[in-house]
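Contents: one structure, followed by commentary.
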Amino acid sequence: MYLTARETAERLGIKRDTLYAYVSRGLLRSQPIPGSRERGYRTEEVERLRAGRGLSRATRGEPFVPVIDSAICLIEGGRLYYRGHDAIRLAETVTLEAIADLLWSDEHDKLQAPTPTLPRLRGRGSSVPAPKTLSRKQGRVIAASSGNSLPRKRGRVGVGAAPSLALIERCHVRLAELAAADLGALDLTPHGIVRTGRAILYELAACIGDRPTAPDPVHEQLAALWRLDQKGADLIRRCLVLLADHELNASTFVARCVASTGATPYAVVSGALAALSGRRHGGASASAEALLHEIAERDDPLAVMAARLARNEMLPGLGHPLYPAGDPRAAALLNAAMAAIPASRPLIEAAVAAARQLVPQPPNVDFALAAATTALGLPQGTALAIFILGRTVGWIAHAIEQYQSDVLIRPRARYTGPRPGEENPA
């Protein structure tokens, strides 16, 4: 069903000039109406745009929610899907590379891991030490490690970036180095973007580990770095897969905005990392990890969480607005962590029970990721490292989709200041 220009403008609450501007920017498409000299607008597209505009009129403290068409990720009915495939089921068997192959291709049934083609560049950055020996009482507990950066092996300094830099800043430095050397990144065809995306993914893995780039699956690289057994490697694999994409969150929206300008994938990932560095995004993983570390050390989840609430601190990693009944990624990862490290079950179950007792919200993926890294005996900062590597796949997928749309994302502001000619209260 089609609407006329007048009907469309009325339904959207805009002038016709604004309607035509929407068409020129690619926000809405006009179609010839059979048997008429007018052009029309599909009702379903108008309603989608209308819904997005309605949500943009948020009050202070409420989220601004842009709406962009995408065929990559679906959140529906309390489940997460990658191109129509249930992400929880995919996490049972596939690798992050296979998810990249799926999300970076328009062949929606393709689930073959790509063979990486990597530039001969060496990864840089500070390395992560192996897990400490853990006590039986605490299950799998780690020693405290302060700061947001990944600790370095004793007596070893990272090459290139300053060792004092936090993880995201090190990644920024590394991406800047790569962008300057990789002229092939200027190729923004789907094939060229995939090539650059693979290089970025494997170079970030090398940056985290202070190792040369390698063609091994990312979860195997991390398992070797952190000296994990096969069960630990499989848990890391599951984490990476379930973190690969989550629709249009803040960092992914930034990635699409940068891609819409025609910047290279290096700039896309750098911009997304900048958004991830915020306390409300990537900081959530770090906060949840710090909470789980404290719980593991004190072995009293209820006391730890109650003390935080008494200090008027929020408990991180609980609840998610898109999953009122519970984050399915969290449930899958918590179960996987307890299965991989049975000794961690009492502590994880006690932490979940304490959280539910104090705050009536179920754990989300940040809590589950922190529980997994703590159960594996990994130092603080590894949760964010896993998040970065997994989500890089989603950022590149959205960049490919945005490049192909050939639309510059240019939101408008809803002006709330004094009207021209009005007396300025100041």
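We count residues from 1, following the sequence as given.
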Taking atom [atom1] of [X] and atom [atom2] of [Y], what is their separation to the nearest 0.5 Å?
| X | Y | atom1 | atom2 | result |
| --- | --- | --- | --- | --- |
| I68 | H398 | CD1 | NE2 | 9.0 Å |
| L235 | I386 | CG | CD1 | 8.0 Å |
| R298 | D300 | CZ | CG | 6.5 Å |

Criterion side chain to side chain contact (heavy atoms under 4.5 Å, CB included) on L12 and V46, from CA distance to verdict: CA-CA 8 Å; L12 293 174; V46 173; 4.0 Å; yes
Using a strict 4.0 Å threshold on nitrogen-to-oxygen distance, state whether [X] and [Y] make a salt bridge.
| X | Y | result |
| --- | --- | --- |
| R195 | D182 | yes |
| K231 | D234 | no |
| E92 | R89 | no |
| R11 | E47 | yes |

Do [X] and [Y] come within less than 4.5 Å of each other through their side chains, counting heavy atoms only?
| X | Y | value |
| --- | --- | --- |
| R238 | L333 | yes |
| P217 | L96 | no |
| I200 | V268 | no |
| V218 | L204 | no |
| L358 | L302 | yes |
| L228 | L378 | yes |
| Q357 | P301 | no |

Look at atom CZ of R280 and say whether more than 12 heavy atoms of other residues, nucleotides or ligands are closer to it than 6.0 Å.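 No.
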Other residues, nucleotides and ligands only: do more than 12 of their heavy atoms fall within 6.0 Å of CD on E44?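 Check passes, neighbour count above 12.
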Run F387 and H246 through ring pair (Phe, Tyr, Trp, His ring centres under 6.0 Å) and show every step you take. CA-CA 12 Å; F387 192 104; H246 203 234; 9.5 Å; no
Main chain of [Y], side chain of [X]: is a donor-acceptor contact present, judged purely on distance under 3.5 Å?
| X | Y | answer |
| --- | --- | --- |
| S260 | I409 | yes |
| Y82 | V241 | yes |
| S270 | A267 | no |
| R83 | L102 | yes |
| T382 | P379 | yes |
| E289 | T374 | no |
| R237 | A91 | yes |
| Q221 | D216 | yes |
| W395 | I388 | no |

Qualifying side chain to side chain donor-acceptor pair (under 3.5 Å) pairs, either residue in residues 70-81, two or more places apart: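 Of all non-adjacent pairs touching residues 70-81, those that pass side chain to side chain donor-acceptor pair (under 3.5 Å) are S70-E401, R79-D86.
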Listed once per pair and sorted, the salt bridge (Lys or Arg N to Asp or Glu O under 4.0 Å) pairs that draw on residues 344-373, sequence neighbours left out: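 Listed by first then second residue: R345-E349.
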All pairs passing salt bridge (Lys or Arg N to Asp or Glu O under 4.0 Å) where residues 318-330 contributes a residue, at least two apart: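 The answer is D327-R329.
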Walk me through whether N364 and Y323 qualify under side chain to side chain contact (heavy atoms under 4.5 Å, CB included). CA-CA 9 Å; N364 62 28; Y323 303 109; over 6 Å; no
Closest contact, heavy atoms only, [X] versus [Y]:
| X | Y | result |
| --- | --- | --- |
| I88 | P328 | CD1-O, 3.6 Å |
| F367 | M305 | CE1-CE, 4.2 Å |
| L276 | I168 | C-CD1, 4.1 Å |
| Y403 | T264 | OH-C, 3.4 Å |
| L167 | G381 | CD2-O, 4.2 Å |
| H219 | T95 | CE1-CG2, 3.9 Å |

Between the side chains of R42 and Y2, does any donor sit under 3.5 Å from an acceptor?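 Indeed, the side chains of R42 and Y2 share at least one donor-acceptor pair under 3.5 Å.
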Using a distance-only test with no angle check, is there a side-chain donor-acceptor pair under 3.5 angstrom linking E97 and Y202?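 The criterion, which ignores hydrogens and geometry beyond distance, is satisfied for Y202 and E97.
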